[in-house]
Amino acid sequence: MTKYLLHKVSRPKQYLISILLVLAVAAFCYSFSAYVGYRVVAFILLVTISLLAVVFDILPVLVSAILTALVWNFLFIPPHFTFRISSTEDRILFLMYFVIALINAALTYKIRQIEKIAGQKEEKANTIKLYNTLLNSLSHELRTPIATIIAATDNLQTNSKNLSPLQNNELVEEISKASFRLNSQVDNLLNMSRIDSGIIQPKKDWCDVEEIIYNTVKKVEENNNVRKISINVNPSIPLFKLDSGMLEQVIYNILNNAVIYTSPDSRVDVIAQCYTDVLQIIIEDNGAGFPENEIDNVFNKFYRLKNSKPGGTGLGLSIVKGFTEAMGGTVQLENINTGGARFTISIATETSYLKNLKNE
């Protein structure tokens with residue numbers, strides 16, 4: 001709030017708001033002056049100065065502090081409607097109020113400045129931490145496929161005469177998989193950049209969700225050929241007006257995360273259904289699930305589970321959340337009671353049953 005006010009309210013407006021607030025509080029106190037003593041009014045005016053010091057610059061606050069002292073003297077210290085103070089006790093009280101109001105304004109502003117500097121230091125430390133996390137992750141995620149490509153290419157170039165056709169095919173397959181992995185990481189970085197920029201806009205068009213799911217599952221299985229993914233799509237599911245590229249990336253990132261972090265014998269299911277005009281895609285497995293105390297953090301950028309195996313940039317699920325929300329949907333993660341995790345993607349969008357009419 002403080003940051004918002006300081007950036008949005010100009011210095012002249014700060015003076016105006018400060019003066020008007022002091023006069024409004026003084027008028028309010030004066031209307032109850034028959035029930036509230038002028039010493040109590042002094043405390044109320046000091047609180048007003050403290051609130052102004054929390055949100056405004058020091059000069060408007062000091063002007064307000066001086067104004068409260070003058071208003072308090074003129075309206076509340078006997079004799080009223082004059083700046084003359086009759087008793088020595090009230091003179092000392094007024095002088096103390098004047099000094100305390102100025103010190104209170106200055107100290108409150110100073111405390112706010114110290115908190116601001118501390119916040120900037122903390123933000124810088126967090127930025128450095130994220131930067132180091134990204135570098136550590138990328139050093140593994142990018143270096144590994146690059147090393148694979150270099151080794152396989154070198155092998156093909158130097159030993160091409162000694163390699164059998166099967167060995168040639170295996171090396172080419174290694175290069176293909178490493179290239180795909182490298183391209184996937186670069187895509188994740190570019191997608192995260194698009195989300196952070198805030199200018200990401202879905203390109204909506206009619207798409208066949210069943211086709212998108214089958215193509216995405218095929219892509220995941222090709223790069224993890226020991227895994228089989230079960231697909232269950234309602235045959236009467238309509239066409240949806242969505243960004244097919246974003247939806248494919250969302251499904252791919254969740255599936256890829258599931259096959260990487262569950263054992264080879266774990267089951268992975270994809271279920272797609274439609275409720276009125278809401279597309280719901282459920283992706284679940286029967287693996288170990290997520291630690292309950294970390295579920296709320298898994299969609300954060302660069303976040304990786306504390307005891308997860310090395311590798312990964314921590315961007316996959318944050319992209320899932322960013323793309324799903326860009327399409328006007330939501331994504332939820334929960335652990336299944338019988339074991340495993342369940343991602344539920346819900347997107348409200350236009351639907352069309354033309355596909356079903358063609359099949360009839």
Hey, does I175 have a side-chain heavy atom less than 4.5 Å from the side chain of L156? yes
Look at the aromatic rings of F76 and Y30 and report parallel, tilted or perpendicular, splitting at 30° and 60°. perpendicular
Examine F43 and F74 and state if one hydrophobic cluster contains both, with Ile, Leu, Val, Met, Phe, Trp and Tyr joined whenever side-chain heavy atoms are less than 4.5 Å apart. no
According to a hydrophobic-cluster definition based on side-chain heavy atoms being under 4.5 Å apart (Ile, Leu, Val, Met, Phe, Trp, Tyr only), do V55 and L20 belong together? no
Below 4.0 angstrom, N of the basic side chain to O of the carboxylate: do D269 and R267 qualify? yes
Could you walk me through whether L102 and I66 pass the side-chain contact (heavy atoms from CB on, under 4.5 Å) check? CA-CA 7 Å; L102 292 177; I66 296 170; 4.0 Å; yes
Side chain proximity check, D57 to R11, heavy atoms < 4.5 angstrom: yes
Donor-acceptor check, side chain of E221 to backbone of I229, threshold 3.5 angstrom: yes or no? yes
Is any side-chain heavy atom of Q157 closer than 4.5 Å to a side-chain heavy atom of T153? yes
Answer yes or no: is there a side-chain heavy-atom contact under 4.5 Å between I254 and V270? no
Side-chain donor or acceptor of D243 paired with backbone N/O of K203 under 3.5 Å: yes
Test log, rule side-chain contact (heavy atoms from CB on, under 4.5 Å), inputs M96 and I92: CA-CA 6 Å; M96 288 179 62; I92 295 172; 4.0 Å; yes
Check whether more than 12 heavy atoms from other residues, nucleotides or ligands sit under 6.0 Å from atom CD of Q332, and answer yes or no. no
Take L21 and L52, measure what side-chain contact (heavy atoms from CB on, under 4.5 Å) needs, and give me the verdict at the end. CA-CA 9 Å; L21 181 62; L52 289 172; 3.6 Å; yes
Quick one about N169 and E173 (side-chain donor to acceptor, distance below 3.5 Å, no hydrogens or angles considered), yes or no? no
At what distance, to the nearest 0.5 angstrom, does OG of S352 lie from NZ of K241? 10.0 Å
Gap between atom CD1 of I212 and atom CG of L247 - 0.5 Å precision: 5.0 Å
Is a salt bridge present between R39 and E89, judged by a nitrogen-to-oxygen distance below 4.0 Å? yes
Would you name the heavy atoms of V217 and L255 that are closest together and state the gap between them? CG2-CD1, 3.8 Å
Where I336 and A341 come nearest, the two heavy atoms and their spacing: CD1-O, 3.7 Å
Determine whether the side chains of D285 and Y261 contain a donor N or O and an acceptor N or O closer than 3.5 Å. no
If every non-hydrogen atom of F343 is compared with every non-hydrogen atom of V331, which pair is closest and at what distance? CD2-CG2, 4.4 Å
ILVMFWY network linking L107 to I100, side-chain heavy atoms under 4.5 angstrom: no
Which distance, rounded to the nearest 0.5 Å, do you find between the OG of S266 and the CG of N286? 5.0 Å
K204 bridged to E350 by N-O distance under 4.0 Å: no
Aromatic plane relationship, F94 with W72 - under 30° parallel, 30 to 60° tilted, over 60° perpendicular: parallel
Short question: side chain of S31, backbone of F28 - any donor-acceptor pair under 3.5 Å? yes
Quick check: do I282 and Q280 have side-chain heavy atoms less than 4.5 Å from each other? yes
Option passing side-chain contact (heavy atoms from CB on, under 4.5 Å) with F299 (candidates I319, T324, L333): L333
CD1-CD1 distance between I347 and I281, expressed to the nearest 0.5 angstrom: 6.0 Å
Contact check, side chains of V63 and L59, non-hydrogen atoms, under 4.5 Å: no
Taking the side chain as everything from C-beta on, heavy atoms only, tell me whether D90 gets closer than 4.5 Å to P78. yes
Flag, side chain of S33 to backbone of C29, donor-acceptor distance under 3.5 Å: no
T276 (side chain) donor-acceptor with V278 (main chain) under 3.5 angstrom: no
Does a side chain donor of either S176 or S179 reach within less than 3.5 Å of an acceptor in the other side chain? no
Nearest 0.5 Å please: distance from the CD1 atom of I231 over to the NZ atom of K218. 11.5 Å
Does one hydrophobic cluster hold both I271 and Y275, with members joined at side-chain heavy-atom distances below 4.5 Å? no
More than 12 foreign heavy atoms under 6.0 Å from CG of N337: is that the case here? no
Using a distance-only test with no angle check, is there a side-chain donor-acceptor pair under 3.5 angstrom linking T68 and Y97? yes
Check: R91 side chain, I85 main-chain N or O, donor-acceptor pair, under 3.5 Å: yes
Hey, is the main chain of M246 close enough, under 3.5 Å, to the side chain of Q249 for a donor-acceptor pair? no
Looking at every heavy atom in both S64 and V22, which two are closest together, and how far apart are they? CB-CG2, 4.0 Å
Of D154, L166, L163, the one forming a side-chain contact (heavy atoms from CB on, under 4.5 Å) with L171 is L163
Report yes or no: do E292 and N335 form a side-chain donor-acceptor pair below 3.5 Å? yes
Considering all heavy atoms of both residues, which atom of C274 and which atom of T351 are nearest to each other, and what is their separation? SG-CG2, 4.4 Å
Quick one, F240 and D208 - any side-chain contact, counting heavy atoms below 4.5 Å? no
Hey, any chance L23 and L62 share a hydrophobic cluster, counting ILVMFWY side chains that come within less than 4.5 Å of each other, even indirectly? yes
Atom pair CZ (R342) and CD1 (I283), whose distance is rounded to the nearest 0.5 Å: 12.5 Å
State, to 0.1 Å, how close P60 and Y15 come at their nearest heavy-atom pair, and which atoms those are. CA-CE2, 3.6 Å
